[in-house]
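Take a look at the structure below.
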There are 2 protein chains.
Amino acid sequence: MPTTPQNMEEHLALFEQACRAAGLRVTHQRLQVYRQLALLDTHPTAEILHQELRKKIPTISLDTVYRTLATFAAHGLINKVETIESQARFEVALMRHHHLICSSCKTIMDFQWQSVDDALLPSEVSAWGRIDTRSVVVYGICHTCLQQTPLPGK
Amino acid sequence: MPTTPQNMEEHLALFEQACRAAGLRVTHQRLQVYRQLALLDTHPTAEILHQELRKKIPTISLDTVYRTLATFAAHGLINKVETIESQARFEVALMRHHHLICSSCKTIMDFQWQSVDDALLPSEVSAWGRIDTRSVVVYGICHTCLQQTPLPGK
DNA sequence: TTCTTGACAAGAATAATTCTTATCTAGTAA
DNA sequence: TTACTAGATAAGAATTATTCTTGTCAAGAA
């Protein structure tokens, strides 16, 4: 769920408001980390973001990227996406959606599934405590990978 | 989804069959790793399993536990559970179920949600490629944690 | 029983992430 | 505007989960 360059300014303004509301200082690094993440729809890792960010801020440290992403995620400004890889992946938290992961090429796609978003959770779940979010992860093999290797292992 | 000691023998026999069917050798270590995992309903980490296993096999290495879990997961004999922690967690793959994760104490609970298991996926997803599994992860705060700290952060 | 290949143990190595420390800066108050 | 202070950053060291390497061993086939 990326943002196009056209509405980036307005998106960043909203983000800045959200930061202040959360008691977070609005720093150049934070704005740029968020901006870079919003530009990409590839669920980048901290490492990938760092490489991109260094083009604009040559001195930015990888640790800052990690710390900034962790801070944003802790305040619900972005999502840390669950994956099967060891490296964590991130995305802006704009719209409720779910994930489709190709077990072969590891690409993560977003999709929406309104009926699950709206569905009542089983009563045992409601009884468990306070529910905040629900997320569906679907695993499979994408068309591209299916064509490359006719019968990949499950 | 653990196994009670009562039906453990039959469960292990089934597991042994599944191993042979997958072309995996049935070793003492593999049986014990699987048995220990089946006994626990706490979604243990490789480290926790290793600690338990050393009581029975003092010489078993942590690497063997990791390798064995990875091998089982690759053959669908167990599941690697997606978590918000850095350490991976595992469970036997007995029955289709979903996960409930407490953002505070990080405990993982299993639950079933038949209607989602049966629900038709959005057409864009079916068009994407071959679908293997779907898994719902619900985040919230469990009752125990809610009572300890009246208003924990989201 | 023998043989072969996959599995194992031990310890070294790697890779992702986090910590430490000194410096800097956003936002506040004078 | 200026000075102040808590929170943010950079750099590099440290940590932690996981994987690799090497030599040995044993499951299961012949």
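In this text the structure is predicted, and so the values were computed from the model without any measurement. Lettering of chains follows the sequences in order, A, B, ..., and the numbering in each one begins at 1.
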* Are the side chain of B/His50 and the backbone of B/Leu62 linked by a donor-acceptor contact shorter than 3.5 Å? -> yes
* So which nucleotide from D/dA17, C/dT17, D/dT9 ends up closest to the side chain of B/Gln87? -> D/dA17
* Asked: Does B/Asp63 make a side-chain donor-acceptor contact with the base of D/dC20, cut-off 3.5 Å?
  -> yes
* Asked: Does a side-chain N or O from A/Gln29 land closer than 4.0 Å to OP1 or OP2 of C/dT25, or not?
  -> no
* To do: Rounded to the nearest angstrom, tell me the gap between atom CG in B/Leu49 and atom P in D/dT18.
  => 12 Å
* To do: Write down the distance between CZ (A/Arg67) and P (C/dT25), rounded to a whole number of angstrom.
  => 14 Å
* How long is the line joining OH of B/Tyr66 and P of C/dA13, in whole Å? -> 19 Å
* Asked: Any donor-acceptor pair under 3.5 Å linking the side chain of A/His143 with the backbone of B/Ala127?
  -> yes
* 5'-most contact on DNA chain C: B/Pro58 or B/Arg25, nearest heavy atom basis? -> B/Arg25
* To do: Would you indicate which nucleotide in D/dT18, C/dA9, D/dT9 comes nearest to any side-chain atom of B/Thr59?
  => C/dA9
* **Between A/Phe15 and A/Phe72, ring centroids under 6.0 Å** => yes
* To do: Write down the distance between CD1 (A/Ile57) and P (C/dC24), rounded to a whole number of angstrom.
  => 17 Å
* **Between P of C/dT25 and CZ of A/Arg30, the distance in whole Å** => 15 Å
* To do: Keeping the roles fixed (side chain from B/Arg130, backbone from A/Leu146), state whether a donor-acceptor pair exists under 3.5 Å.
  => no
* Grab the NE2-P distance between A/His50 and C/dA16 for me, whole Å please. => 14 Å
